[in-house]
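Report on the structure given below.
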Amino acid sequence: MKGIILAGGTGTRLRPLTGIVNKHLLPVGKYPMIHYGLVQMAEAGIKEVILVTGKQSAGLYAEYIGSGRSWGLQVSFSVQEEAGGIAQALGLAEACVHPGDKLMVLLGDNLFGDSLKEAVRAFEAGSKGAHVFLKEVDDPRRYGVAEIADGRIVRIVEKPEQPPSSYAVTGAYLYDYSVFGIIRTLRPSDRGELEITDVNNAYAAKGLLDYSLLPGWWTDAGTHRSLLEAGMRLMKEET
């Protein structure tokens, strides 16, 4: 099982902070945001991680992470030349992955209170297709939302006016190697990007998208308020 952390993007919601540095290097609690993704990977039993980021702060990532030894990881780096969407960034990691490998993918600005280890081990042991992690939220219209029927995800609807459920799709995903073939079939969305929701819906259409429900806290630390709230929560846990 290989790990992939996606830490690119322009961080427009966090400007002007991200005019200085990539958002995943901003402090959250005692550590840069990227630290927590590396901890999550190591805790799940992942040994090899590919970090995909933009050109702006690639050197700072290398300086902070080094080889990944501090986390018990072997970390390599891939550079996303321009923002092209989450799925496009994931596709850049293909050169570092072997056919037959399975993948744990994290968005670097998503922070979790739950361990993902059990689901990772089960997926590695024999599951095919994809697996996402859902969290019940108060305002699902802000997120990609899962429509569930007969214990399976039928589809994921992005920021729906009429949400089919209250379960948001978080930024943690498990895929088999076929994900790269799916990415090559995608067309850019209206935003001009390759969307991870389209990847997940391709698996859902085949009946190959499983899920877990997260009981603990989760945040997308991509806004000033969520960044502050995540930092306050983690400071309490780290003291």
Side-chain angles (χ1 to χ4, degrees), residues 1-6 36-37 39-41 43-46 49 85-87 89-91 93 97 101-183 185-186 189 194-222 226:
M1 176 82 80
K2 293 279 196 340
I4 301 172
I5 300 178
L6 304 179
Y36 300 98
V39 169
Q40 191 84 55
M41 288 284 182
E43 197 277 334
I46 304 297
V49 172
I86 294 171
L90 174 55
V97 179
D101 283 344
K102 291 182 178 178
L103 312 172
M104 177 183 181
V105 180
L106 288 179
L107 304 188
D109 59 1
N110 275 233
L111 305 176
F112 298 85
D114 293 301
S115 168
L116 308 182
K117 181 189 297 185
E118 185 176 339
V120 169
R121 286 182 174 175
F123 190 81
E124 186 175 21
S127 298
K128 295 182 179 180
H131 187 106
V132 296
F133 296 85
L134 306 181
K135 177 65 182 174
E136 191 167 18
V137 296
D138 293 331
D139 186 5
R141 292 175 297 177
R142 296 171 52 201
Y143 306 99
V145 180
E147 179 179 344
I148 301 171
D150 299 323
R152 282 200 175 274
I153 297 177
V154 176
R155 61 173 179 153
I156 296 168
V157 188
E158 196 65 32
K159 296 181 175 62
E161 283 298 319
Q162 300 294 328
S165 76
S166 58
Y167 292 105
V169 180
T170 69
Y173 319 94
L174 305 177
Y175 296 115
D176 62 16
Y177 187 79
S178 67
V179 67
F180 297 113
I182 290 173
I183 290 171
T185 70
L186 298 183
S189 66
L194 301 185
E195 306 288 353
I196 200 68
T197 294
D198 291 340
V199 172
N200 293 330
N201 277 333
Y203 282 110
K206 299 175 184 178
L208 293 174
L209 183 60
D210 292 328
Y211 67 92
S212 299
L213 300 179
L214 297 175
W217 65 269
W218 159 72
T219 188
D220 167 2
S226 62

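Everything numeric here is computed off the predicted structure, so don't read it as measured data.
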Got a sec, which residues hit ring pair (Phe, Tyr, Trp, His ring centres under 6.0 Å) with Y203, two or more places apart in sequence or on another chain? Y175
For I183 versus A87, what's the shortest heavy-atom pair and its separation? CD1-O, 3.5 Å
Straight-line distance of I196 CD1 to L90 CG, nearest 0.5 Å: 5.5 Å
For residues 147-164, which residue pairs qualify under salt bridge (charged side-chain N to carboxylate O under 4.0 Å, His left out), counting only residues two or more places apart or in two chains? E147-R155, R152-D210
Test ring pair (Phe, Tyr, Trp, His ring centres under 6.0 Å) applied to F133 - qualifying residues, sequence neighbours left out: H131
Separation between OG (S212) and CG (D114), nearest 0.5 Å, reads 10.0 Å
If you compare all heavy atoms of A204 against all heavy atoms of V154, which two are closest, and at what distance to 0.1 Å? CB-O, 3.6 Å
Can you sort out the partners of D176 under salt bridge (charged side-chain N to carboxylate O under 4.0 Å, His left out), two or more places apart, ordered by chain and number? none
Any donor-acceptor N/O pair, S165 side chain to A146 backbone, under 3.5 Å: yes
Rounding to 0.5 Å, atoms CD1 (I4) and CE (M104) come to a distance of 11.5 Å
Which pair of non-hydrogen atoms, one from N201 and one from I156, has the smallest distance, and what is that distance? OD1-N, 2.7 Å
Kindly write out the residues that satisfy side-chain hydrogen bond (donor to acceptor under 3.5 Å, both in side chains) with K2, not counting sequence neighbours, or none if the list is empty. D101
Just grab all the salt bridge (charged side-chain N to carboxylate O under 4.0 Å, His left out) pairs involving residues 115-134, residues at least two apart or on different chains. E43-K117
L174 and L116, any side-chain heavy atoms less than 4.5 Å apart: no
Could you walk me through whether V169 and L134 pass the side chain to side chain contact (heavy atoms under 4.5 Å, CB included) check? CA-CA 5 Å; V169 180; L134 306 181; 3.7 Å; yes
All heavy atoms of S166 vs all of E136, minimum pair found to be OG-OE2, 3.1 Å
Shortest non-hydrogen contact from L103 to V179? CD1-CG1, 3.8 Å
Got a second to check how far N110's CG is from L6's CG, nearest 0.5 Å? 10.5 Å
Across all chains, not counting sequence neighbours, the salt bridge (charged side-chain N to carboxylate O under 4.0 Å, His left out) partners of D139 are R141
Keeping the roles fixed (side chain from K135, backbone from P215), state whether a donor-acceptor pair exists under 3.5 Å. yes
Would you give the length of the straight line joining atom CZ of F112 to atom OG1 of T170, rounded to the nearest 0.5 angstrom? 4.0 Å
Is there a side-chain contact between V145 and P164 in this structure, where contact means two heavy atoms from C-beta onward sitting under 4.5 Å apart? yes
Closest heavy-atom contact between L106 and A172? CD2-CB, 3.6 Å
